[in-house]
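For reference, the structure is listed below as structure tokens.
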Amino acid sequence: MLRHACARALLLAPLLPMTAQAALSAPEQKIASTVKAEHGRSVALLETLVNQNSGSMNLEGVAKVAQLLRPELEALGFKVQWKPMPATQRAGHLIATHTGRPGGKRLLLIGHLDTVFEADAPFQTYSAKGQTATGPGVGDDKGGVVVMLGALRAMQAAGTLAAANIEVVLTGDEEDVGDPQDLARADLVAAGKRADVALDFENLAQEDGQDMGSIARRSSNSWTLKTTGKSGHSSGIFSSSAGDGAIFELSRILTAFRQELPEPNLTFNVGLIGGGQRAELDADGVRLSADGKSNIIPSVAVAKGDFRTLSQDQTERVRRKMQAIVARHLPLTEASIGFDESYPAMPPTAGNRALLAQLNAVNQDLGLAPMAELDPLKRGAGDIAFVAADVDGLVGLGIAGAGSHAPGETADLGSLDRQAIRAGILMSRLGAQAR
């Protein structure tokens, strides 16, 4: 018996520092060794997932990724459901539940199946060179899903999964949420209300080579501004009979936005603009056509942009300020502004900080550096924000990488094991806690 224990200790020695081996329980050491032993399996799964295109609008491709993941979760004892979402014009969501001991904390694990790269994008395949993997969605979020599964497999091998109450929600439209949004996110919101902790498996954030902890995500809101003016010959502009025209009114409003809106944690952008005798946005709101002449006062102008905030209060305050600016008019002009909320904010909270502290306790026991809080300005919007009002959460438990949403997106395969070990130990500890 002693001989077997010594052999096991020698096997683990190359994997963890001596201080870490002393700090980790036997099941936690098993989690670490299992993740390391299954590195090749995880990388192979990542390659398979990346090579299956799953752009948000490739509904068949998104469903195929779900089909690849279903047996992985079923093998771990999860009850798996594919939830089609035809009413939102998106593929659907993969939802999996694991029932553990009564009274234990309920964990919600969040990731997504889709990418920004549609079936006609030139960037389609996986490749790897050393520890750098390249491919569409390799980090965002197929690498994150692989980290999640690696952590869960290690928990099963260590015996800590059996008692854990876990719900996994992998959305099929994170990159382009279906409409109506309430329906598209109903399952995720309901899961958040059932959970005690939410863990987001999108990309790990890093600064200067250091892993960072993310406890907040900003909102994503879009706005559309339309101005009108009295048309006529340009020689009469600014007169009491002609006024300032639609484009000057649009310019006044945008200048006032730039001067009057700035405040901490807020960014706002003008992404599309046009005006003249005619200016029209297409149905998707991504193309604008306009025509006119230089000697005619423009009758219409349109601009479209976004703004991002760190709380719902800030969102509402910024909207009121924008509406007040729009309500002031140059002579003989009118203006209106409309808003769409794509993602709510996930503000930093005491509960989120307490979760980061628990993750840093794992880091300490692993002999890893503590993870400082990431500036929320450096993190985009994401699905965990839909449950942030109901449950404490952490962001960025997925793989590290660079270039998300751009051709040449990469993932750091060297971070895969580190992240899966962290997540597996954190989930084991959280799952063992009483509600």
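When atom types are taken as modelled, the side chain of Asn360 and the backbone of Met371 share a donor-acceptor pair closer than 3.5 angstrom. A donor-acceptor pair under 3.5 Å is absent between the side-chain atoms of His112 and the main chain of Leu170, judged by distance alone. No donor-acceptor pair under 3.5 Å is formed between the side chain of Thr132 and the backbone N or O of Ala128. Judged purely by atom type and a 3.5 angstrom limit, Gln124 uses its side chain to pair as donor or acceptor with the backbone of Glu118. A donor-acceptor pair is defined here as one N or O able to donate and one able to accept, closer than 3.5 Å; no such pair exists between the side chain of Ser214 and the backbone of Leu374. For the pair Ser219 (side chain) and Thr309 (backbone), a donor-acceptor distance under 3.5 Å is present. For Ser415 (side chain) and Ala400 (main-chain N/O), a donor-acceptor pair under 3.5 Å exists by modelled atom type. Formation of a donor-acceptor pair under 3.5 Å by the Arg435 side chain with backbone atoms of Gly103 is not found in this model. Although no hydrogens or angles enter the test, the distance criterion places a donor-acceptor pair under 3.5 Å between the side chain of Asn53 and the main chain of Phe117. In this structure a side-chain-to-backbone donor-acceptor pair under 3.5 Å is present from Asp114 to Glu174.
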Please output the side-chain donor-acceptor pairs of residues 74-85 that fall under 3.5 Å, not counting sequence neighbours, one pair per line with the distance.
residue	atom	partner	partner atom	Å
Glu74	OE2	Arg70	NH1	3.2
Lys83	NZ	Asp187	OD1	2.8
Lys83	NZ	Asp187	OD2	3.1

Pairs of donor and acceptor atoms involving the side chains of residues 142-152, under 3.5 Å and at least two apart or interchain, shall be tabulated with distances.
residue	atom	partner	partner atom	Å
Lys142	NZ	Leu49	O	2.9
Lys142	NZ	Gln52	O	2.8
Lys142	NZ	Ser54	OG	2.9

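Shown here are the salt bridge (charged side-chain N to carboxylate O under 4.0 Å, His left out) partners of Asp390, two or more places apart in sequence or in another chain: Lys193. Under the side chain to side chain contact (heavy atoms under 4.5 Å, CB included) criterion, Asp375 pairs with Leu377, Lys378, not counting sequence neighbours. Residues satisfying the side chain to side chain contact (heavy atoms under 4.5 Å, CB included) criterion with Leu272, sequence neighbours excluded, are Leu281, Leu288, Lys304. Judged as a side-chain hydrogen bond (donor to acceptor under 3.5 Å, both in side chains), and not counting sequence neighbours, the contacts of Asp282 are Arg287. Not counting sequence neighbours, the partners of Arg106 by the salt bridge (charged side-chain N to carboxylate O under 4.0 Å, His left out) test are Asp196. Annotation: side chain to side chain contact (heavy atoms under 4.5 Å, CB included) contacts of Gln210 (sequence neighbours excluded): Ala369. Shown here are the side chain to side chain contact (heavy atoms under 4.5 Å, CB included) partners of Ser289, two or more places apart in sequence or in another chain: Arg278, Glu280. Under the salt bridge (charged side-chain N to carboxylate O under 4.0 Å, His left out) criterion, Arg429 pairs with Glu28, Asp365, not counting sequence neighbours. With sequence neighbours left out, the salt bridge (charged side-chain N to carboxylate O under 4.0 Å, His left out) criterion links Glu409 to no other residue.
Taken from OG in Ser311 to CE in Met346, the straight-line distance is 13.5 Å, to the nearest 0.5 Å. Put simply, CG on Asp340 and CD on Gln181 are 9.0 Å apart, with the number rounded to the nearest 0.5 Å. For the atom pair NZ of Lys105 and CD1 of Ile166, the computed distance is 14.0 Å after rounding to the nearest 0.5 Å. Atom CG in Asp140 sits 5.0 Å away from atom CG in Asn203 (nearest 0.5 Å).
Val326 places a side-chain heavy atom less than 4.5 Å from the side chain of Leu225. Residues Gln312 and Glu341 have side chains in contact (heavy-atom distance under 4.5 Å, counting atoms from C-beta outward). Between Val318 and Met322, the closest side-chain pair of non-hydrogen atoms falls below 4.5 Å. Looking at heavy atoms from C-beta onward, Leu426 lies in side-chain contact with Leu394 at the 4.5 angstrom threshold. Contact check for Thr171 versus Val177: no side-chain heavy atoms found under the 4.5 Å cut-off. By the 4.5 Å heavy-atom criterion applied to side chains, Leu330 and Thr227 are not counted as neighbours. With contacts defined as side-chain heavy-atom distances shorter than 4.5 Å, the pair Arg217/Glu202 qualifies. The side-chain heavy atoms of His98 and Glu167, taken from C-beta on, include no pair separated by under 4.5 Å.
Neither side chain, Gln89 nor Asp179, offers a donor N or O lying under 3.5 Å from an acceptor on the other. A donor atom on one side chain and an acceptor atom on the other are found under 3.5 Å apart for Gln419 and Arg422.
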task = With side-chain contact (heavy atoms from CB on, under 4.5 Å) as the test, would you mind laying out the steps for Leu254 and Ile273 before giving the verdict?
result = CA-CA 11 Å; Leu254 297 180; Ile273 190 169; 3.7 Å; yes

ask   = Given Leu94 and Leu73, is the side-chain contact (heavy atoms from CB on, under 4.5 Å) satisfied, shown in steps?
value = CA-CA 10 Å; Leu94 192 68; Leu73 289 161; 4.1 Å; yes

task = Kindly indicate, with the supporting measurements, whether the criterion side-chain contact (heavy atoms from CB on, under 4.5 Å) is fulfilled by Lys293 and Gln277.
result = CA-CA 8 Å; Lys293 292 184 177 181; Gln277 289 304 101; over 6 Å; no

query = Does the pair Val43 and Tyr126 meet the rule for a side-chain contact (heavy atoms from CB on, under 4.5 Å), with working shown?
reply = CA-CA 11 Å; Val43 172; Tyr126 177 95; 3.6 Å; yes

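A salt bridge links Asp173 and Arg185; the closest N-O separation between the charged side-chain nitrogens and carboxylate oxygens is under 4.0 Å. With respect to Glu373 and Arg353, a salt bridge is recorded, a charged nitrogen being found less than 4.0 Å from a carboxylate O. Ionic pairing of Lys321 and Glu263 is present here: one or more N-O contacts between side-chain nitrogen and carboxylate oxygen are shorter than 4.0 angstrom.
Residue pairs meeting the side-chain hydrogen bond (donor to acceptor under 3.5 Å, both in side chains) criterion with at least one partner in residues 250-261, sequence neighbours excluded, are Glu249-Arg252, Glu260-Arg328.
Taking each heavy atom of Leu204 and Gly398 in turn, the nearest pair found is CB-O, 3.3 Å. Heavy atoms only, all atoms of each residue included: Gly100 and Asn165 are closest at N-OD1, 2.7 Å. Between Val391 and Val197 the shortest heavy-atom distance is CG2-N, 3.3 Å. Heavy-atom minimum distance, Ala191 versus Val169: CB-CG2, 4.0 Å. Across every non-hydrogen atom of Ala345 and Leu310, the tightest pair is CB-C, 3.5 Å. Between Ala154 and Thr34, the shortest heavy-atom contact is CA-CG2, 3.8 Å.
Each of Asn221, Thr267, Asn269, Leu261 was evaluated against Phe307; a single residue qualifies, Asn221, per the side-chain contact (heavy atoms from CB on, under 4.5 Å) test.
Between Phe386 and Tyr343, the two ring planes are tilted [angle within 30° to 60°].
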